[in-house]
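Since the structure comes first, as structure tokens, the remarks are kept for the end.
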2 protein chains.
Amino acid sequence: MSRAAKIEDVASRAGVSVATVSRALRGLPHVSAATREKVLRAAEELDYRPNPHAARLAAGRSGTVGVAVPVLNSWFYANVLAGVEAVLAEEALDMHVIVVDGPDATERFIAGLPALSKRVDGLVLCDLFMPDQLWEDLAGGPVPVATVGVDTGLFDSVTIDNVAAAEAAVGHLLDLGHTRIGLIGAGPDGATDNESAALRRRGTIAALGRRGLDLPADLDVAGSFSVAGGREAMLELIGRGAPTAVFCISDEMAIGAMWAAEEAGLRVPEDLAVVGFDDQPVAEAVGLTTVRQPVSIMAARAAHLVLARLDGDDGPVQRHVMPTLLQKRKSTDFRHLTPVHAHS
Amino acid sequence: MSRAAKIEDVASRAGVSVATVSRALRGLPHVSAATREKVLRAAEELDYRPNPHAARLAAGRSGTVGVAVPVLNSWFYANVLAGVEAVLAEEALDMHVIVVDGPDATERFIAGLPALSKRVDGLVLCDLFMPDQLWEDLAGGPVPVATVGVDTGLFDSVTIDNVAAAEAAVGHLLDLGHTRIGLIGAGPDGATDNESAALRRRGTIAALGRRGLDLPADLDVAGSFSVAGGREAMLELIGRGAPTAVFCISDEMAIGAMWAAEEAGLRVPEDLAVVGFDDQPVAEAVGLTTVRQPVSIMAARAAHLVLARLDGDDGPVQRHVMPTLLQKRKSTDFRHLTPVHAHS
DNA sequence: CTGAAAGCGCTTACAG
DNA sequence: CTGAAAGCGCTTACAG
């Protein structure tokens, strides 16, 4: 437990210069096999660990990628982090997590961007919403960025076709004969503002429109992206005269809606069909029809995109649109009429 | 977008030395109000942002706290991160996330500890299991540590009384008249090894023992901490002749167990009572009786404990045991016999 | 209260 | 292939 070895100690022990130690340890070329061997042995013997701050200062690189998410404790963003982390761990890069929840935090994030760009080499920004001007400023800056869930056209992005996915979901309900279809979304009226929410709402309206229907104001509610948010929105809907089907823009919300239905004595799917969004594991367990999206894969791809930029890739902006899949389950299945999950 | 200002630029613009700029900007004493004012203005005008790597190298502090968790994409650990992050954000500290999943990753974590201690000022270790010798080595090291979910006696810790919590859960089932009670746990036979799992198993056995019952081998199964893990374990239990009640050591597992029961045509709670652990929001929605534990609060407290150590607190090791609460819901409620959540 | 100077521990041209 | 030296941008005694 003596004082930690520094590069100089390794150098003198190996009988070479610190420059050579630096090269040898990082696997750079122009080091003879014999010298490299000597250096590695010396480093090993001294249990040498380079000081990352010194290395970062000298090299001008931080070995770190930042990931910004609106919240940490949701299934979606937890999987985003997991996807990014897995990729970074492979490359021995650090992950710097930034929580940007709401307008104030966005202000702070923006104000801190110049400082941030000194401590990360790249950035994965997830569901972050800023004025166009700021995106352009960012694009003018030095750090490569990939966005997930939002496509600015300025950066590599990984998204899904939210409009199409919502159309499929609502189309499914229409195919089943529903005409009074509610939407539990998010946005200005709900809690978190969110581009995906807006697009899924658009898809809902498009699907209805194709059948000559509209989305009446009393069936168009918004809540927070949570079980409680979905429950409250559904109770609101029920208070206004329940629809026969509801499309919720997240699984948590859908599960909250199912809960509210139960409280109101409505059976799912007989009295109320429910569709969610995400397909988290719990969705399958409770028989929730939902739109599957490959969350951690999307995040991993975003991470790879910024790594490629760090490796010098200067090709055109890549805008990846990942596939989604409507998973049909019991929450919309009229043929299956025996009670399931009767945990009452 | 000219080259970023450095401290020297601020110094010359303010007409003072860099030492004074450094002091003024960090709010240190021994700077006259007038000088501080000048410096702040100059920094503002130049949009100066200190280079964190330089500051960390010079100061020997990293401004970062590391958090190690076994996985990222579970409700429990997502809330751990959220709890820690909230505390660190207040103090303007960075969070360094480390995923330590399984034995290999633990090896790597241990091997990387000397390097890690250079890049974090403190560490929150969550559900990490290492040989005693390594804990002692860690305790001899320079970085303050707080553990959550495990109590080594060597570091500040935040835990719950897992044994008592499990006893309460199983005691509840016993009070309801159940005698054939299964346990869905984790451990050597299941996937993730976990001290909490072992303690909850012990509590289960204690509760049964108090009534003169034991835990027969065929009712003692283990799975991974997931919906799928719970489902598989329950199917196994059903194959062996289902118990009338089951205690699952996580909510995800309990929801998986309910799913399996449904698949097998068993009603919850009439044919099978189910108790979970955690009380995540979905648990309430599906009417799951479960043990509530204050996850993000525990994590936040752990973060505060390491921050206090960083502030020089050298008092005795603090071992916090947080309260838990058995939330009784429909999944164990025999009186409530109308089907709920009949999303079939 | 303020400044000159050393030092933090690396990396990187530049020579050789 | 290897080394001497400058430099990365701060902080911190030490003087004054």
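We name chains A, B, ... by the order of the sequence lines, and we start the count at 1 in each one. Note: hydrogens, waters and symmetry copies are ignored here, and every other heavy atom, side chains too, is used.
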Check your understanding: Considering heavy-atom distances to DNA chain C, does B:Ala19 or A:Ala19 have its closest nucleotide positioned more toward the 5' end?
Key -> B:Ala19
Practice item. Name the residue closer to the 5' end of DNA chain C, choosing between B:Arg23 and A:Glu8 according to the nucleotide with the nearest heavy atom. Key: B:Arg23
Give the minimum heavy-atom separation between [X] and [Y], together with the two atoms involved.
X	Y	value
B:Leu25	B:Val39	CD1-CG1, 3.5 Å
B:Phe225	B:Ala197	CZ-CB, 4.5 Å
A:Asn51	B:Lys118	CA-CD, 4.1 Å
A:Leu128	A:Trp135	O-CZ2, 3.2 Å

Exercise for review: Scan B:Arg56 against the nucleic acid and name what it touches under 4.0 Å (heavy atoms): base, sugar-phosphate only, or nothing.
Suggested key: nothing
Exercise for review: Indicate, with a heavy-atom threshold strictly under 4.0 Å, whether B:Ala59 touches base, sugar-phosphate, or nothing.
Suggested key: sugar-phosphate
Exercise for review: Walk along DNA chain C from 5' to 3' and tell me the first and last nucleotide with an atom closer than 4.0 Å to a non-hydrogen atom of chain A.
Suggested key: C:dG9 to C:dA13
Any donor-acceptor N/O pair, [X] side chain to [Y] backbone, under 3.5 Å:
X	Y	answer
B:Arg26	B:Ser22	yes
B:Arg309	B:Gly315	yes
B:Arg36	B:Ala24	yes
B:Asp121	B:Gly63	yes

Review point. Does anything in residues 27-55 of chain B reach DNA chain D, meaning a heavy atom under 4.0 Å, and if so which residues?
Key: B:Tyr48, B:Arg49, B:Pro50, B:Asn51, B:Ala54, B:Ala55
Point to revise | Side chains of A:Met298 and A:Ile160 in contact at under 4.5 Å (non-hydrogen atoms) | key: yes
Review point. Distance only, no hydrogens: is a donor on one side chain within 3.5 Å (strictly under) of an acceptor on the other, for A:His96 and A:Arg119?
Key: no
Check your understanding: According to the Watson-Crick and G-U wobble definition with distances under 3.5 Å, which dot-bracket string, read 5' to 3', encodes DNA chain C, using [ ] for crossing pairs and | for pairs with another strand?
Key -> |||.||||||||.|||
